[in-house]
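Here is the structure we will look at, set down as structure tokens.
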Amino acid sequence: MKTTLLQAALLSAVCMSQMSCADKYATNTSAVPAINPALNQAPRFTDVSNQVGLVTGEHWKYGGPSIADLNNDGYYDFLLTNHNETPVQLFLSNGEATYTKHPDIYPLVDLHGVSAGDYDLDGDNDILLSVGGGNGLKPSPQRLLRNDNGQFVDVTDEAGISKMGARGRAVRWVDLDNDGDLDFLQQNAEKVIDEKVPRNIIFSNNGDGTFTYVHSPQFEEIDSERVLITDFNNDNIPDIFAFNSYAETVLLIGHGDFSFTNVTDKMFAADSNNYPGVISVAQADIDNDGDLDYYLATGKLYYTIANNSISFNKEKGRLDIRDQGSKSHDGITLLADNSIGLSHFNHWPIRDLMDAMPVYLGKHKTPVKTPEDEMIVTQQQATGFPDKITDTGWYLGYLGEGKWRLEWILTDKLAWDIRSSISGLTGYIADWTPQDLASPDILLRNDNGKLVNIASALPAETIGNNWGVTPGDFDNNGYTDFFVYRFGELRERVADVMLLNDGKGNFKSTLEHGATTEIGQDSHGDMGTAFDYNLDGKIDILSGDDDNGKWHLYRNDITLTNNNHYLLTRVGYSENGTDPYGATVTVTTANGQQFKLIGSSSASHSQSLLNIAHFGLGNTEQVTSVSVRWRDGTQSRVDNIKANQMIVIGTVK
């Protein structure tokens with residue numbers, strides 16, 4: 001039964017945790033910790049993953065989670081991907097700040113982006129899966145799982161979308177013709193074989209459970225694998241922010257009829273080069289002026305990293321190496337007075353072209369088992385170096401006087417990358433200049449339709465190899481902050497960066513926030529989403545640590561005081577039955593206005609539906625009004641609301 005609700009529930013506060021973390025790069029004392037003067041405290045987080053039932057393994061990720069209220073019970077659920085190592089994982093909220101893992105909703109597959117949305121308008125959210133194409137040789141269609149009261153049924157064939165396959169990277173629910181039901185787009189990787197379908201594909205919702213392909217020239221051939229659905233110009237028509245780790249960013253203004261105009265050159269500054277190398281994008285109104293601004297996390301992904309990249313930990317005496325897996329021959333001189341240790345000699349395979357890359361010691365090329373766990377090699381075992389090497393393999397020799405020589409050769413393209421770690425070193429001398437993985441992040445302020453780069457407002461900690469970013473008002477001061485995910489070293493997780501917005505155009509960084517627990521471990525920062533999982537008025541974070549890392553839920557334990565009130569606004573369906581995607585929420589207080597676009601606040605490969613909008617209110621105890629506008633043009637407004645509660649506006653099915 002449908003009921004229209006306008007309810008308020010006062011929610012309790014939780015004590016602030018005293019957890020802290022350190023980063024070995026944190027030599028600038030101005031960066032740790034950052035304290036918000038208005039609150040006299042910085043947000044602190046506690047890893048509550050096991051406590052709430054979010055128990056996951058150490059796996060590859062693929063660009064963040066999808067957070068959505070799948071059954072529309074008022075609590076967020078989690079859709080998690082581990083690339084091709086586990087089936088998609090669904091954790092359903094129990095409604096009491098705990099979660100239960102749902103039985104596998106789809107078999108193990110080369111899974112990339114995930115998205116949830118109510119395409120059939122039956123009151124629960126259905127799931128799109130973006131499936132890869134077998135290294136480009138086996139293009140696959142996306143999969144559509146219809147939510148039938150908690151049972152997920154694969155209706156890809158009957159929905160009419162099984163005939164157009166590609167190298168799936170991202171899927172997005174979006175109402176591109178503003179007719180009240182959700183269409184979707186499929187973003188794909190570059191073609192490898194001669195496919196007869198477009199690179200990127202749009203499907204129109206026919207309103208009867210089926211979809212029809214729609215030709216959209218401006219969208220179909222853009223070179224991007226990730227997109228953020230947004231609204232640059234506040235005309236209530238969806239726009240597209242398309243980006244890629246190796247190509248330029250593309251901005252498409254939508255016209256409400258599946259067509260677009262490329263406005264990249266008009267909206268970016270002439271000297272921007274259209275911002276190549278973007279890995280994820282977050283959208284938020286950082287200055288509370290009523291339009292969306294954008295944070296661009298930039299860096300290099302695995303394929304780019306795999307080219308003469310090294311990390312050297314002097315304290316541990318360990319050198320980590322990554323190089324390309326194509327035809328090549330490289331080498332490096334190692335400095336060590338005694339025996340050295342070899343470990344993690346492996347590669348990222350292309351199909352089964354190479355089982356293991358051989359390792360040879362000394363002048364006579366004595367073969368040894370390729371070391372995964374540490375193997376100690378003495379000077380005597382590796383005496384001398386071969387006069388000539390021609391076969392694929394790693395070659396290690398001791399040259400005398402504390403010098404070792406390591407060379408590697410591949411006679412063909414046999415892997416996506418090759419990796420190794422050597423311990424017991426005092427230093428190294430590379431034959432080449434190691435690759436610099438650092439790049440500066442970009443912060444774009446929306447000034448009347450021009451996106452102006454104000455990255456000068458960002459601290460030095462944002463210059464690095466950053467893979468993810470998610471926005472949220474973590475200290476409830478009324479201004480949106482950012483949480484930035486750092487890749488780290490080749491085999492060493494480092495602390496992510498929290499950027500606190502002071503409301504005056506500046507962002508202060510902190511590394512001591514407690515929201516990175518795998519520091520020093522063999523994993524990497526990837527992507528996450530900020531939202532209020534336990535509805536206590538404080539923004540929490542769900543993060544995925546990549547390459548041998550886990551999923552982590554971090555509870556925000558900042559103390560609620562008279563200086564950091566909040567309001568939660570749950571947006572339901574409009575009076576015409578339109579779902580929350582694309583709705584806008586404006587909160588007005590005596591201190592001004594705040595604005596949010598309902599959908600995904602940030603994007604890499606997956607898409608979230610964050611329809612429980614969180615607003616930090618600072619010292620404001622009374623909200624003048626909350627206005628919601630759905631994409632069908634219907635509106636609702638509520639006046640004179642006390643802070644520190646959740647209200648529901650719209651119809652809950």
Discussion item. Please confirm whether the ring centroid of Trp467 lies under 6.0 Å from the ring centroid of Phe487.
Written reply: yes

Worksheet item: Among side-chain atoms of Ser523 and Asn548, is any donor-acceptor pair under 3.5 angstrom?
Response: no

Worksheet item: Does CG in Asn149 sit with more than 12 non-hydrogen atoms of other residues, nucleotides or ligands closer than 6.0 Å?
Response: no

Worksheet item: Less than 6.0 Å separating the ring centroids of Phe531 and Phe78?
Response: yes

Discussion item. Give me each pair satisfying salt bridge (charged side-chain N to carboxylate O under 4.0 Å, His left out) with a member in residues 85-102, each pair once, sequence neighbours excluded.
Written reply: Lys101-Asp104

Worksheet entry | Between Ser49 and Asp47, a side-chain donor and acceptor under 3.5 Å | yes

Worksheet item: Can you tell which of Leu458, Leu500, Leu499 makes a side-chain contact (heavy atoms from CB on, under 4.5 Å) with Ser509?
Response: Leu499

Discussion item. So, applying side-chain contact (heavy atoms from CB on, under 4.5 Å) with Val585, which one of Leu597, Leu567, Val626, Ile649 is it?
Written reply: Val626

Fill in: Residues Arg169 and Glu225 bridged, charged N to O under 4.0 Å
yes

Practice prompt. Establish, from distance only, whether the side-chain atoms of Gln593 and Thr588 form a donor-acceptor pair under 3.5 Å.
Written response: yes

Fill in: Close aromatic pair by centroid cut-off 6.0 Å: Phe152 and His102
yes

Item to complete: Compute the centroid of each ring, for Tyr485 and then for His524, and state whether the two points are separated by less than 6.0 Å.
Response: no

Item to complete: List for me each residue that meets ring-ring contact (aromatic ring centres under 6.0 Å, His included) alongside Trp173, sequence neighbours excluded, and say none if there are none.
Response: Tyr119, Phe184

Discussion item. Could you tell me if Thr230 and Tyr294 have a donor-acceptor pair between their side chains, going purely by distance under 3.5 Å?
Written reply: yes

Worksheet item: For Asn205, which residues count as a side-chain hydrogen bond (donor to acceptor under 3.5 Å, both in side chains) partner, sequence neighbours excluded?
Response: none

Discussion item. Restricting to salt bridge (Lys or Arg N to Asp or Glu O under 4.0 Å), what partner residues turn up for Asp175, sequence neighbours left out?
Written reply: Arg631

Discussion item. Can you tell me how the ring of His513 sits relative to the ring of Phe45, calling it parallel under 30°, perpendicular over 60° and tilted otherwise?
Written reply: perpendicular

Fill in: Sole candidate of His605, His112, His59 that passes ring pair (Phe, Tyr, Trp, His ring centres under 6.0 Å) when paired with His83
His112

Worksheet item: For residues Asn501 and Asp481, is any side-chain donor paired with an opposing acceptor at under 3.5 Å?
Response: no

Discussion item. Ring centres under 6.0 Å, that's the criterion: do Tyr479 and Phe474 meet it?
Written reply: no

Discussion item. Between the side chains of Arg493 and Asp545, is the shortest nitrogen-to-carboxylate-oxygen separation below 4.0 Å, so that they form an ion pair?
Written reply: yes

Item to complete: Could you verify whether a donor N or O on one side chain and an acceptor N or O on the other, from Asn82 and Trp551, lie under 3.5 Å apart?
Response: yes

Worksheet, complete the sentence: The complete set of side-chain hydrogen bond (donor to acceptor under 3.5 Å, both in side chains) pairs with one or both residues in residues 68-78, sequence neighbours excluded, reads Asn72-Tyr573

Identify each donor-acceptor pair in which a side-chain atom of residues 616-625 lies under 3.5 Å from a protein atom, sequence neighbours left out, and give them as a table.
unit_1, atom_1, unit_2, atom_2, d
Asn619, OD1, Asn591, ND2, 3.4
Thr620, OG1, Asn591, ND2, 2.7
Thr620, OG1, Leu617, O, 3.3

